[in-house]
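Data first, discussion second: the structure below is written as structure tokens.
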Amino acid sequence: MFDIADIPMSGVSEEEKRTLAMRQHTNSGVKDKQEHYDCNRDVNKAMHPQALHPFLPNIDVFAKHNHYNNIHGLFKLIALSPKLPEDTLVNIHNFNVSDKKYNRAILSMDGKLCWVKHIESALVVNTGDALDFLTGKYYKGTIHGIVQPPQDQQQYTHPGVFYFTMPNDNDNLIPMCRSPLLQRVGINPCYEDRVQEETINDVLVEHWI
């Protein structure tokens with residue numbers, strides 16, 4: 001997958017990149033070395049670089065493998081932890097509801113950015129706002145950042161392949177108050193400091209993410 005992920009970066013002309021609105025960070029007009037190519041989990045939903053077309057079936061298999069074999073297992077474990085039915089999170093993350101969403105270093109508890117070490121065939125799992133909200137901050141969203149690699153690695157290309165999953169657009173980001181665990185430890189209504197004038201029932205996924 002890393003070879004396929006490199007195709008939009010190294011196998012596509014600058015003109016085609018502009019046509020497809022591929023993202024490259026800039027600062028005062030100076031291009032950063034980081035590029036993004038976003039691909040919806042429904043690979044047929046948008047245009048792709050011509051060089052990527054032969055590999056769309058591979059990307060489709062990769063997305064489904066991550067969603068059903070990796071993410072579903074994690075969701076079931078997370079739901080069981082606060083003593084909820086194991087399909088609670090699975091049911092609000094429907095692969096076939098494509099909506100408009102797309103397919104490093106992390107901040108540790110002491111406020112310092114720590115390197116994420118590469119481990120062969122391992123996954124790095126970041127939790128985001130949605131799980132933070134749904135569990136009333138029991139599972140806190142990961143604060144992460146993009147930083148320069150160590151000096152002795154800066155001459156190398158560092159490809160990354162990421163799979164993002166979000167709740168369905170029409171679901172509310174309401175803490176799962178029926179959880180016996182959350183009822184016992186308490187729920188931090190994290191909406192108050194982040195959504196100033198909205199009520200909890202008004203915070204739909206499509207409005208927040």
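The first residue of the sequence shown is numbered 1, and numbering continues consecutively from there. Predicted, not measured: the structure shown is a model, and the values here were computed from it.
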ask   = Looking at side-chain heavy atoms only, is the closest gap between T135 and P175 below 4.5 Å?
value =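 Counting from C-beta outward, T135 and P175 never come under 4.5 Å.
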Check whether [X] and [Y] end up in the same hydrophobic cluster, where Ile, Leu, Val, Met, Phe, Trp and Tyr are linked by side-chain heavy atoms less than 4.5 Å apart.
X	Y	result
I92	Y68	yes
V43	M1	yes
V125	I119	no
L131	L77	no
V185	M176	yes

key: N/O donor-acceptor pair under 3.5 Å between N168 side chain and N170 backbone   =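 Checking the backbone N and O of N170 against the side chain of N168, no donor-acceptor pair under 3.5 Å is found.
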Could you tell me the separation between the [atom1] atom of [X] and the [atom2] atom of [Y], rounded to the nearest 0.5 Å?
X	Y	atom1	atom2	result
Y37	I7	OH	CD1	11.0 Å
I4	C39	CD1	SG	11.0 Å
L181	Y138	CG	OH	4.5 Å
H48	L56	NE2	CG	5.0 Å
L74	L123	CG	CG	8.0 Å
H72	T165	NE2	OG1	7.5 Å

key: Distance-minimising heavy-atom pair for V12 and P49   = CG2-CB, 3.5 Å
Tabulate below the donor-acceptor pairs under 3.5 Å that side-chain atoms of residues 81-90 make, not counting sequence neighbours, or state none.
{"from": "S81", "atom 1": "OG", "to": "Y139", "atom 2": "OH", "distance (Å)": "2.9"}
{"from": "T88", "atom 1": "OG1", "to": "P85", "atom 2": "O", "distance (Å)": "2.6"}

ask   = Is atom CD of Q151 surrounded by more than 12 heavy atoms (other residues, nucleotides or ligands) closer than 6.0 Å?
value =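 Not more than 12 within 6.0 Å, no.
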query = What do the steps show when you test K140 against D132 for salt bridge (charged side-chain N to carboxylate O under 4.0 Å, His left out), and what is the final call?
reply = CA-CA 5 Å; K140 296 178 176 62; D132 194 309; over 6 Å; no
Under 3.5 Å, side-chain donor or acceptor atoms of residues 59-67 against the rest of the protein: list the pairs with distances, not counting sequence neighbours.
{"from": "D60", "atom 1": "OD2", "to": "K64", "atom 2": "NZ", "distance (Å)": "3.3"}
{"from": "H65", "atom 1": "ND1", "to": "N69", "atom 2": "ND2", "distance (Å)": "2.8"}
{"from": "N66", "atom 1": "OD1", "to": "N70", "atom 2": "ND2", "distance (Å)": "3.3"}
{"from": "N66", "atom 1": "ND2", "to": "F62", "atom 2": "O", "distance (Å)": "2.9"}
{"from": "H67", "atom 1": "ND1", "to": "Y163", "atom 2": "OH", "distance (Å)": "2.9"}
{"from": "H67", "atom 1": "NE2", "to": "H93", "atom 2": "O", "distance (Å)": "3.0"}

key: Listed partners of Q50 passing side-chain contact (heavy atoms from CB on, under 4.5 Å), at least two apart   =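 For Q50 the side-chain contact (heavy atoms from CB on, under 4.5 Å) partners, ignoring immediate neighbours, are E16, H53.
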